[in-house]
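Naming: A, B, ... by sequence-line order, numbering from 1 per chain.
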There are 2 protein chains.
Amino acid sequence: MGITERRLREKAERESRIVATARHIAEEEGWPAVTIRRLAQDIEYSQPVVYSHFASRDAIVGAVALEGFADLAETLRAAAHTTASPRKALEAVATGFLDFAFARPAIYEAMFVLPTGLRFAKSDTPPPLRTTFGALMAVIAPFCDDPELATETFWGALHGLAELDRHGRIRPAFRAQRIALVVDAICHGPDNGPAGA
Amino acid sequence: MGITERRLREKAERESRIVATARHIAEEEGWPAVTIRRLAQDIEYSQPVVYSHFASRDAIVGAVALEGFADLAETLRAAAHTTASPRKALEAVATGFLDFAFARPAIYEAMFVLPTGLRFAKSDTPPPLRTTFGALMAVIAPFCDDPELATETFWGALHGLAELDRHGRIRPAFRAQRIALVVDAICHGPDNGPAGA
DNA sequence: TTGTTAATCTAGCGATGCTAGAATATGTAG
DNA sequence: CTACATATTCTAGCATCGCTAGATTAACAA
């Protein structure tokens with residue numbers, strides 16, 4: 001039954017073309033430009049074909065978000081490995097997170113702002129989401145005694161700074177200084193992990 | 001010319017009815033339910049009348065957001081005055097901020113997530129926005145040497161925690177502990193203001 | 001009472017997400 | 001090769017959205 005396999009392969013390929021197209025349009029023109037009609041036109045199929053792959057537009061956004069989490073996890077992992085100093089690793093990851101948010105605002109929006117139907121902190125949470133969380137936890141763990149709680153808080157701080165900055169509510173020029181403030185606060189915190197720097 | 005005054009008064013009243021209606025629908029059914037048709041129906045006028053008050057749907061969201069900022073500023077100011085301890089004031093404001101986000105998610109969304117056209121950090125930034133920022137700055141100033149930078153960072157942390165929590169990405173049950181972590185980090189930070197607690 | 005201006009409404013445009021039902025390929029059996 | 005059955009894809013359309021042009025009505029002035 002090589003025919004069935006070929007069919008599945010072609011279908012999977014078409015699906016990833018849809019996701020890639022959605023991602024591309026979102027990055028170039030923003031998410032409002034990502035319409036089902038536009039996607040159908042770009043992949044050269046009719047609209048119902050798009051719906052044979054994804055139940056709704058939100059599901060497509062979710063698929064792009066999932067790819068984004070895989071990318072972000074890899075980015076953070078790489079940032080953490082640029083230095084042996086726990087403090088510098090923490091700062092590198094924080095900077096990497098915000099750089100990602102500003103370099104790929106549309107993907108970041110899909111991951112953190114738009115409705116996607118993705119489920120977090122559940123038993124069926126997709127691997128890329130866990131991996132991203134893990135990458136953050138890896139660098140903050142040395143500085144705290146409750147890594148999960150600290151990671152949640154660290155993540156919140158980074159996400160909030162990204163959002164306020166993205167919306168023009170805080171001064172873009174002081175991005176690095178805000179990161180430094182966060183990193184300092186973590187390092188000199190109550191549970192003052194390893195000797196700083 | 002009492003007639004003109006009455007006209008203006010009636011127009012202003014109708015405008016605030018639009019905003020109140022939008023706020024009410026958003027709180028009860030979410031922002032997607034706030035359509036121009038629905039607003040027009042509820043205030044018993046036709047759609048163009050709504051557009052004679054606001055240039056776009058986004059502008060209506062912005063008006064609700066502005067009211068929200070006034071509310072939030074008052075909430076934070078009140079929270080800060082419940083204690084003389086700078087540390088407890090900081091914690092009370094942080095808790096108040098997050099409580100506001102979860103008690104009025106739709107208004108919070110208008111203030112921080114949805115497109116509104118509101119301008120921050122500019123010369124024409126509306127007073128309520130400045131006041132809210134000031135309320136945060138008032139409680140964090142004792143613990144830092146660059147109040148503006150610290151306020152931006154503090155604000156980011158709070159907003160990020162609110163968003164991740166609202167989207168179900170961090171554990172709701174640990175909200176208070178995350179706040180405590182943030183407060184501790186600020187108090188024991190590099191510029192360790194007044195003797196803690 | 002008539003004419004002018006301002007306020008309001010009706011009706012519609014161009015989109016959107018999504019879907020039912022027709023049409024067309026595709027693979028199988030006689 | 002033909003006829004049927006199945007799966008795939010398309011055409012066409014629904015209901016709804018934000019927004020607006022042009023007709024209609026109300027309010028005031030002469």
Side-chain angles (χ1 to χ4, degrees), chain A residues 1-19 21-23 25-26 28-65 106 109-110 113-117, chain B residues 1-19 21-23 25-26 28-65 106 109-110 113-117:
Chain A
M1 291 308 267
I3 289 177
T4 306
E5 283 185 13
R6 192 207 65 210
R7 284 265 169 90
L8 286 174
R9 206 169 50 237
E10 285 175 355
K11 181 141 185 164
E13 192 185 334
R14 193 170 61 183
E15 186 160 314
S16 68
R17 278 223 304 148
I18 294 174
V19 177
T21 304
R23 178 176 179 152
I25 298 174
E28 296 296 315
E29 308 171 37
W31 279 106
V34 180
T35 70
I36 306 296
R37 280 172 175 82
R38 173 77 179 274
L39 286 174
Q41 190 174 16
D42 284 16
I43 66 167
E44 296 178 300
Y45 280 92
S46 64
Q47 298 179 51
V49 168
V50 176
Y51 281 101
S52 76
H53 289 274
F54 298 95
S56 69
R57 183 182 181 276
D58 284 358
I60 299 173
V61 179
V64 173
E109 226 179 325
V113 181
L114 300 177
T116 58
Chain B
M1 290 309 269
I3 289 178
T4 306
E5 285 185 11
R6 192 208 65 210
R7 283 267 170 90
L8 286 174
R9 207 169 51 236
E10 287 175 354
K11 180 142 185 163
E13 192 185 334
R14 194 171 58 184
E15 185 159 314
S16 67
R17 277 223 305 147
I18 294 175
V19 178
T21 303
R23 178 174 180 154
I25 298 174
E28 296 294 315
E29 309 172 36
W31 278 106
V34 181
T35 69
I36 306 296
R37 281 172 177 82
R38 173 77 177 276
L39 286 174
Q41 189 173 17
D42 283 16
I43 66 167
E44 296 178 301
Y45 281 92
S46 63
Q47 299 178 50
V49 169
V50 176
Y51 281 101
S52 76
H53 290 273
F54 299 95
S56 70
R57 184 181 180 276
D58 284 358
I60 298 174
V61 179
V64 173
E109 224 179 326
V113 181
L114 300 176
T116 58

>> Rounded to whole Å, please give me the gap between OH in B:Y51 and P in D:dG22.
In response: 18 Å
> Using rotation axes that map the C1' atoms of four end pairs onto the next four (five pairs an end), what angle separates the end axes of the helix from C:dT1-D:dA30 to C:dG30-D:dC1, to 10°?
Replying inline: 30°
>> Generate the contact string for nucleotides 6-11 of chain D. Rules: B means base contact, S means sugar-phosphate contact only, - means no protein heavy atom under 4.0 Å.
In response: ---SBB
> Which residues pass the salt bridge (Lys or Arg N to Asp or Glu O under 4.0 Å) test with A:E13, sequence neighbours left out?
Replying inline: none
> What residues, two or more places apart in sequence or in another chain, satisfy side chain to side chain contact (heavy atoms under 4.5 Å, CB included) together with A:Y51?
Replying inline: A:I36
>> What is the separation between atom CD1 on B:I60 and atom P on D:dC17, rounded to the nearest whole Å?
In response: 14 Å
> For DNA chain C, what residues of residues 31-41 of chain A have any heavy atom nearer than 4.0 Å?
Replying inline: A:V34, A:T35, A:I36, A:R37
> With sequence neighbours excluded, what pairs up with B:R37 under the side chain to side chain contact (heavy atoms under 4.5 Å, CB included) test?
Replying inline: B:T35, B:Q47
>> A:R14: which residues meet the side-chain hydrogen bond (donor to acceptor under 3.5 Å, both in side chains) condition with it, sequence neighbours left out?
In response: A:H53
> With sequence neighbours excluded, what pairs up with B:R23 under the side-chain hydrogen bond (donor to acceptor under 3.5 Å, both in side chains) test?
Replying inline: B:E67, B:D71
>> Please report the distance, rounded to the nearest Å, between CZ in B:R57 and P in D:dC17.
In response: 10 Å
>> Under the rule for side-chain hydrogen bond (donor to acceptor under 3.5 Å, both in side chains), what residues qualify as partners of B:E28, not counting sequence neighbours?
In response: none
>> Suppose we screen for side chain to side chain contact (heavy atoms under 4.5 Å, CB included). Which residues come up paired with B:A12, at least two apart in sequence or across chains?
In response: none
> Who pairs with A:S16 by side chain to side chain contact (heavy atoms under 4.5 Å, CB included), at least two apart in sequence or on another chain?
Replying inline: none
> A:D58 CG to C:dT16 C1': how many Å, rounded?
Replying inline: 13 Å
> What residues form a side-chain hydrogen bond (donor to acceptor under 3.5 Å, both in side chains) with B:E29, not counting sequence neighbours?
Replying inline: B:R38
> Is the count of non-hydrogen atoms from other residues, nucleotides or ligands lying under 6.0 Å from B:E10 atom CD greater than 12?
Replying inline: yes
